[in-house]
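Residues: numbered from 1 along the sequence shown. Since we're looking at a predicted model, the values are computed, not measured.
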Amino acid sequence: MGLVLSGSNKRAQALGFTLEDVAGLLQLNDTEACAKKTRALAARKLALIEKKISELVTMRDALAKLVDQCDRKLKRGACPIIESLGAASI
């Protein structure tokens, strides 16, 4: 298993595994217990990625709304983005 993973470090990193994760995986033997540990690690990574995606979607939606408000208010009054930032600090 070590040889397979060592040639795939970039792939492992592209899937969200850190160098520390890869080093840990390289130390495992190709057994059923190894497969369970690897799957558990991958499931945790997947959960983290899904959480980040959800947070990014929320951020995107909020920014899109502010940009739209800014476009509609561009010629009259204060910038909605700056107003939003000021309101967030209160």
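Across every non-hydrogen atom of V22 and A12, the tightest pair is CG2-CB, 3.5 Å.
Here the straight-line distance linking atom CG of D71 with atom CG of L66 works out to 11.0 Å at 0.5 Å rounding. Interatomic distance, C70 SG to L63 CG, rounded to the nearest 0.5 Å: 11.5 Å.
Contact check for T18 versus K45: side-chain heavy atoms found under the 4.5 Å cut-off.
Shown here is E20, whose CD atom has no more than 12 heavy atoms of other residues, nucleotides or ligands within 6.0 Å. Within 6.0 Å of CG in L15 there are more than 12 heavy atoms belonging to other residues, nucleotides or ligands.
Both V57 and I49 belong to a single network of hydrophobic side chains, linked directly or stepwise wherever heavy atoms of I, L, V, M, F, W or Y lie under 4.5 Å apart.
No donor-acceptor pair under 3.5 Å is formed between the side chain of S54 and the backbone N or O of E50.
Between the side chains of T58 and D61, no donor-acceptor pair is found at a separation under 3.5 Å.
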